[in-house]
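Working notes for the structure below.
The chains referred to below are lettered A, B, ... by the order of the sequence lines, with proteins before strands, and numbering in each begins at 1.
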Amino acid sequence: MPELPEVETTRCGIEPWLVGATITQVRIHNHRLRWPVPTGIETCLTGQIIHSVERRAKYLLLKTDSGTAIIHLGMSGTLQIVAPATTLRKHDHVEIEIESGSILRFNDPRRFGCLLWTSNNPLDHPLLAHLGPEPLHDEFNGAYLYTTSRSRRITIKQFVMNAAIVVGVGNIYASESLFRAGIHPKRTAGRISLERMTRLADAIKLVLQESIQQGGTTLRDFYNGDGKPGYFKNKLNVYGREGEACVTCQKPIRKIFLGQRSTFYCPDCQK
DNA sequence: CCCGATTCCTGTAGGC
DNA sequence: TGCCTACAGGAATCGG
């Protein structure tokens with residue numbers, strides 16, 4: 001399930017193929033994604049030169065002179081560069097062909113992803129305009145978490161998963177970061193000290209960076225632009241490890257539900 | 001404003 | 001073996 005490291009891994013995988021390339025043809029096989037693929041996006045994209053492949057939060061941005069394609073991978077989306085005439089697979093919803101004949105394919109079984117188009121600054125698009133800071137930027141730190149959380153009564157896990165607070169921290173990395181920071185996921189966000197928030201911000205940065213280095217986390221669905229899985233799964237300390245021994249204290253990892261989401265933690269190491 | 005619940009979707013896993 | 005159900009989750013949206 002693509003979180004920030006998986007999206008960044010995808011971006012790195014497709015960027016060298018796409019930057020400077022001219023789009024020769026766009027085929028939409030299924031418009032029915034999380035939001036309908038806008039009719040006419042083929043015309044907007046065809047003939048355009050992709051001058052950069054950027055990421056904001058979990059959105060990928062294919063920038064051209066006349067506008068930007070905004071792609072979100074949702075739960076199960078993947079982007080892959082395939083050779084000309086590669087057989088279409090089930091759930092290949094979009095194909096963007098470039099002049100070399102290579103094709104960028106968007107595959108998404110659960111269709112929680114999207115492909116949109118904007119002629120304006122993509123950062124002003126309604127979906128992107130109200131996002132919080134990037135977790136790997138300096139503006140995201142313990143002081144930021146501390147000040148934005150005062151008076152907030154939700155749990156710290158739900159707080160860091162809120163994209164208006166900080167982007168890119170999904171269910172897996174929220175549990176992993178809280179474990180590394182030694183903070184219980186049910187703690188009230190507004191009552192956590194600056195010191196502990198600093199540990200948490202540092203843990204989030206570290207976990208995300210390590211995962212990007214490993215090519216992301218592949219649980220079931222995720223494969224990068226080369227069709228390879230990510231290896232961060234091997235470094236997960238708590239996620240998906242209910243009942244297994246904590247890597248630090250050997251006590252069994254617990255699973256609870258917070259806001260309808262599975263949450264994993266060590267009852268001994270996280271207070 | 002804040003926060004919990006609901007919603008979209010399909011592949012997979014577990015029970016019988 | 002096959003059917004049925006529960007579950008997984010990003011994030012917008014709705015309702016209290």
TODO: Respond yes when some side-chain nitrogen or oxygen of A:Tyr239 is under 4.0 Å from OP1 or OP2 of C:dA8, and no when none is.
DONE: no

Open item on the list: It should be established whether A:Ser76 places a side-chain nitrogen or oxygen under 4.0 Å from OP1 or OP2 of nucleotide C:dG9.
Closed with: no

- [ ] Ignoring backbone atoms, test whether A:Arg110 places a side-chain nitrogen or oxygen under 4.0 Å from the OP1 or OP2 oxygen of B:dG11.
- [x] no

Task: Non-neighbouring partners of A:Arg11 that pass salt bridge (charged side-chain N to carboxylate O under 4.0 Å, His left out), sequence neighbours left out - done: A:Glu8, A:Glu15

- [ ] Compare side-chain N and O positions of A:Gln260 against OP1 and OP2 of C:dG9 and report whether any pair is under 4.0 Å apart.
- [x] no

Task: Gap between atoms CZ and P, on A:Phe257 and B:dA5 respectively (whole Å) - done: 13 Å

Open item on the list: So, does A:Lys90 get its side chain near the phosphate of B:dG11, meaning an N or O under 4.0 Å from OP1 or OP2?
Closed with: yes

TODO: For the residue pair A:Lys157 and A:Asn171, confirm or rule out a side-chain donor-acceptor distance under 3.5 Å.
DONE: yes

- [ ] With side-chain contact (heavy atoms from CB on, under 4.5 Å) as the test, would you mind laying out the steps for A:Leu127 and A:Ile70 before giving the verdict?
- [x] CA-CA 10 Å; A:Leu127 289 175; A:Ile70 301 172; 5.7 Å; no

- [ ] Give one of base, sugar-phosphate or nothing for A:Tyr59, where a contact means two heavy atoms less than 4.0 Å apart.
- [x] sugar-phosphate

Open item on the list: Could you work out how much the helix from B:dC2-C:dG16 to B:dC16-C:dG2 bends, comparing the axis of its first five pairs with that of its last five, to 10°?
Closed with: 50°

Task: Phosphate OP1/OP2 of B:dC9: any A:Arg34 side-chain N/O under 4.0 Å - done: no

Open item on the list: It should be established whether A:His72 places a side-chain nitrogen or oxygen under 4.0 Å from OP1 or OP2 of nucleotide C:dA11.
Closed with: yes

Open item on the list: OP1 or OP2 of C:dC7 versus the side-chain N and O atoms of A:Lys255: is any pair under 4.0 Å?
Closed with: no

- [ ] Whole angstrom is fine here: how far is it from CZ in A:Arg111 over to C1' in B:dG11?
- [x] 13 Å

